[in-house]
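Here is the structure we will look at.
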Amino acid sequence: MSARYSDIEPYTPGEQPQNRKYIKLNTNESPFPPAPSVIEAIKGESGSLNLYPDPECKELCKTIADYAGVSPENVFVGNGSDEVLAFSFLAFCDKDKGACYPDISYGFYSVYADLCCIDGKAVPLTNDYRVEPSDYFNAGRTIYIANPNAPTGMSLTLDEIRNILDNNRENVVVIDEAYVDFGGTTAVPLVSEYDNLLVVRTFSKSRNLAGARLGFGIAGKEIIQDLNTMKFSFNPYNADRLSLVAGKAAIEDEAYFRQCVDTVIKNREYTAESLKKAGFFVLPSDANFIFAKKEGVSGESLYKTLREAGILVRHFNKPRIDDFIRITIGTKEQMDALIEVLERI
Ligand SMILES: *Cc1c(COP(=O)(O)O)cnc(C)c1O
């Protein structure tokens, strides 16, 4: 290992058990399979796997652009939104321009900062777990904010994001909208006004395609060009043929998408209410998960009790949030199984 990485602490993904069958509520995947049209599209494309995919991802960029109301030159496709984020760290952070992000947020931001050997500053959430916009004014750094935030599920309004952008004209502001379809407000309409805004989205959560590894960025064309420079210096064929057609078909089946998202939202409200009745504290969530704790019981013990009952959730062994568990919203049946265990605690 080269000296500059001898201390690096890699990201720890949630468990992906390959043997025992758990009710999997730990990595914010969709409980629903991809739409039938997506599966058909993948089958139709598989005979062409002898050929490299389109390195410019033109078809998918166009589909996303039409959907988002921007032009294809405003769209960048990544191998998961993780890759879009990684390229943004490479492109927009430097020795004299580090990054900043909330202290309680997506764990990968600090890992990418370390990987790029740049300074990453963790900005504390407020005592009530909010992102305070003024804490990011004139940051002098590239700003990363997940909106809705993870693992809290809480979101900023569009005005608050605008406020952050107005006070950072010299810095790139990255809004990570992995969960926006479940109740947040997208910042995409601001892209035409702010050339320092990059909105990052994923097919992994609301579009039932975590296994396809597909994400995208929407921004002004300079930012998109810079991301492409990073990509063509690293892995020009970053999205494979099957994922490219899957993504296109997933966007085109709006009815299936809406039905899945609406079901998750309904199940989230049901689960939150049930847990509150059982004496839990539950943060308000605009995402496909809830963040909950119970007075007098450690997060670790909640996690272990559920695990023994065959249910996986996520616990973060981290100051301020180690009492909480993050519960991905699944089907009604999965949530009933979870509620039954938690009611007994
Ligand atoms: C899940 C998640 C991602 C990564 O998504 P992929 O597209 O699967 O790489 C990025 N940001 C946040 C906040 C997430 O929760």
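As the structure is a computational prediction, the values presented were derived from the model and not from experiment. In each ligand, atom 1 is the first atom listed, and ligand 1 is the first ligand listed.
- With sequence neighbours excluded, the residues forming a side chain to side chain contact (heavy atoms under 4.5 Å, CB included) with Glu193 are Arg162, Leu190, listed by chain and number.
- In this structure, Lys293 is positioned above the aromatic face of Phe281, its NZ or CZ under 6.0 Å from the six-membered ring centre and within 45° of the axis.
- When ring centroids are compared, Tyr144 and Tyr106 stay outside the 6.0 Å threshold.
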In a simple table, one pair per line, please give the protein and ligand 1 atom names for every N or O pair closer than 3.5 Å, along with the distance.
{"unit_1": "ligand 1", "atom_1": "5 (O)", "unit_2": "Ser81", "atom_2": "OG", "d": "3.0"}
{"unit_1": "ligand 1", "atom_1": "7 (O)", "unit_2": "Ser81", "atom_2": "N", "d": "2.6"}
{"unit_1": "ligand 1", "atom_1": "7 (O)", "unit_2": "Ser81", "atom_2": "OG", "d": "2.8"}
{"unit_1": "ligand 1", "atom_1": "7 (O)", "unit_2": "Thr202", "atom_2": "OG1", "d": "2.5"}
{"unit_1": "ligand 1", "atom_1": "7 (O)", "unit_2": "Ser204", "atom_2": "OG", "d": "3.3"}
{"unit_1": "ligand 1", "atom_1": "8 (O)", "unit_2": "Ser204", "atom_2": "OG", "d": "2.6"}
{"unit_1": "ligand 1", "atom_1": "8 (O)", "unit_2": "Arg213", "atom_2": "NH1", "d": "2.8"}
{"unit_1": "ligand 1", "atom_1": "8 (O)", "unit_2": "Arg213", "atom_2": "NH2", "d": "3.3"}
{"unit_1": "ligand 1", "atom_1": "9 (O)", "unit_2": "Ser81", "atom_2": "N", "d": "3.2"}
{"unit_1": "ligand 1", "atom_1": "9 (O)", "unit_2": "Asp82", "atom_2": "N", "d": "3.0"}
{"unit_1": "ligand 1", "atom_1": "9 (O)", "unit_2": "Asp82", "atom_2": "OD1", "d": "3.4"}
{"unit_1": "ligand 1", "atom_1": "9 (O)", "unit_2": "Asp82", "atom_2": "OD2", "d": "3.1"}
{"unit_1": "ligand 1", "atom_1": "9 (O)", "unit_2": "Arg213", "atom_2": "NH2", "d": "2.8"}
{"unit_1": "ligand 1", "atom_1": "11 (N)", "unit_2": "Asp176", "atom_2": "OD1", "d": "3.3"}
{"unit_1": "ligand 1", "atom_1": "11 (N)", "unit_2": "Asp176", "atom_2": "OD2", "d": "2.6"}
{"unit_1": "ligand 1", "atom_1": "15 (O)", "unit_2": "Tyr179", "atom_2": "OH", "d": "2.5"}
{"unit_1": "ligand 1", "atom_1": "15 (O)", "unit_2": "Lys205", "atom_2": "NZ", "d": "3.0"}

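- Ring geometry, Phe291 versus Phe324: the interplanar angle falls under 30°, so the pair is classed parallel (tilted spans 30 to 60°).
- Qualifying side chain to side chain contact (heavy atoms under 4.5 Å, CB included) partners for Pro124, counting only residues two or more places apart in sequence or in other chains: Asp103, Arg320.
- In this structure, the side chain to side chain contact (heavy atoms under 4.5 Å, CB included) partners of Lys304, at least two apart in sequence or on a different chain, are Glu300.
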